[in-house]
Amino acid sequence: MNPARRYAQICYSPVGDCAMLVELGAGIDDSLNETVLQLEAQILKLAIHGIEETTPAYNSLLLHYNPDIISFSALQETVSAIDLNQTGDLRQRYLWRVPVCYGGEFGQDLDSVANYHHLRPEDVIARHCAPRYRVYMIGFAPGFTYLGGLDSTLHTPRRENPRLQTPPGSISIGGMQALIAGVAMPSGWQLLGQTPVATYQPDRDPHFLIAPGDAVEFFAIEAAEFDSLKQAAERGEWVAERSELEVSQI
């Protein structure tokens, strides 16, 4: 992947007739992603009439708007006037400690990932649990949590033959990224384990548990504990351990 870079000028592109893509740069980088979240915070603070939803990504922000209320050009003019050197009112960030049952029926690719890197499965688990990951964005499926900070010794190509179905709570890696899947879906990522944590639950408040800018740490559990925590999650309990992040920890 090419090194992350910030554009000299922000790019504004239409996405259909009711969304604007605001691109600040290219690549994956903590500071670039933080600027995206700062921009989102300042836009939300302005409460621009006509904006219906904001969706932050690695290096861009998608603005969903009502074209009957505000035009693309008017929205671009408003957003381009924002001073990115000023700090917006960011929401409280959280550190989530997420339990994972690794290997076996929970993580069918653990052994192959270990073989690929000439490691023991327990070494892969230890290295996967060691970092504090940054939540860059919530992806194309509900609760699909993209994480940065994977140990470089675990960078692994995706599977040549994607699975037609992986379970909700799948804990996987692909390339330099790690993820938590919120729902069952097809996937070509390398499946290391499964968490009982439901990052997305439509009948729970909040629907989405983890948000961009949060941090995640993983810890290993046994199958018996997974089953009891899974039952608790199905009752709407968070299961994951949450603590507040200070500004210096972001």
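Quick note: residue numbers are just sequence positions, from 1.
No more than 12 heavy atoms of other residues, nucleotides or ligands sit less than 6.0 Å from atom CD of Gln9.
A distance-only check finds a donor-acceptor pair linking the side chain of Ser112 to the backbone of Asp109 [under 3.5 Å].
The distance from the CG atom of Leu164 to the CE atom of Met185 is 13.5 Å, given to the nearest 0.5 Å. Within the model, atoms CD1 of Ile51 and CD of Glu40 stand 10.0 Å from one another, a figure rounded to the nearest 0.5 Å. One distance of note links OH of Tyr65 with CG of Leu75; it measures 7.0 Å at 0.5 Å rounding. For the atom pair Cys101 SG and Glu225 CD, the distance stands at 9.0 Å (nearest 0.5 Å). Between atom NE2 of residue His207 and atom OG1 of residue Thr199 there is a gap of 13.5 Å, rounded to the nearest 0.5 Å. Between Ile48 atom CD1 and Gln42 atom CD the span is 10.5 Å, to the nearest 0.5 Å.
Each of Ile210, Asp214, Leu209, Leu245 was compared with Tyr94 under the side-chain contact (heavy atoms from CB on, under 4.5 Å) criterion, and only Asp214 meets it.
A salt bridge links Arg120 to Asp123: at least one charged side-chain nitrogen sits closer than 4.0 Å to a carboxylate oxygen. In this structure, Arg93 pairs ionically with Glu34, as a charged nitrogen and a carboxylate oxygen lie closer than 4.0 Å.
Classification of the Phe140-Phe144 ring pair by plane angle, with boundaries at 30° and 60°, yields tilted.
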Query raised in the report: Hey, mind stepping through Ser172 and Ser170 against side chain to side chain donor-acceptor pair (under 3.5 Å) and telling me if it holds?
Result: CA-CA 6 Å; Ser172 307; Ser170 293; 5.0 Å; no

Report task. Decide yes or no on side chain to side chain donor-acceptor pair (under 3.5 Å) for Thr35 and Arg6, but give the supporting numbers first. Result -> CA-CA 10 Å; Thr35 303; Arg6 196 181 301 269; 3.0 Å; yes

Query raised in the report: When you look at His49 and Asn66, which way does the side chain to side chain contact (heavy atoms under 4.5 Å, CB included) test go after all the steps?
Result: CA-CA 9 Å; His49 189 46; Asn66 186 336; over 6 Å; no

**Report entry** From CA spacing to verdict: side chain to side chain contact (heavy atoms under 4.5 Å, CB included), Leu84, Ile10
**Finding:** CA-CA 11 Å; Leu84 290 177; Ile10 296 176; 3.7 Å; yes

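Residues Tyr136 and Asp30 bring a donor and an acceptor atom of their side chains to less than 3.5 Å of each other. A donor atom on one side chain and an acceptor atom on the other are found under 3.5 Å apart for His117 and Thr156. A donor-acceptor contact under 3.5 angstrom links the side chains of His64 and Thr55, judged on distance only.
Here Phe218 and Tyr133 bring their ring centres to under 6.0 angstrom of each other.
Taking hydrophobic clusters as Ile, Leu, Val, Met, Phe, Trp and Tyr residues chained together by side-chain heavy-atom distances below 4.5 Å, Trp96 shares a cluster with Leu192.
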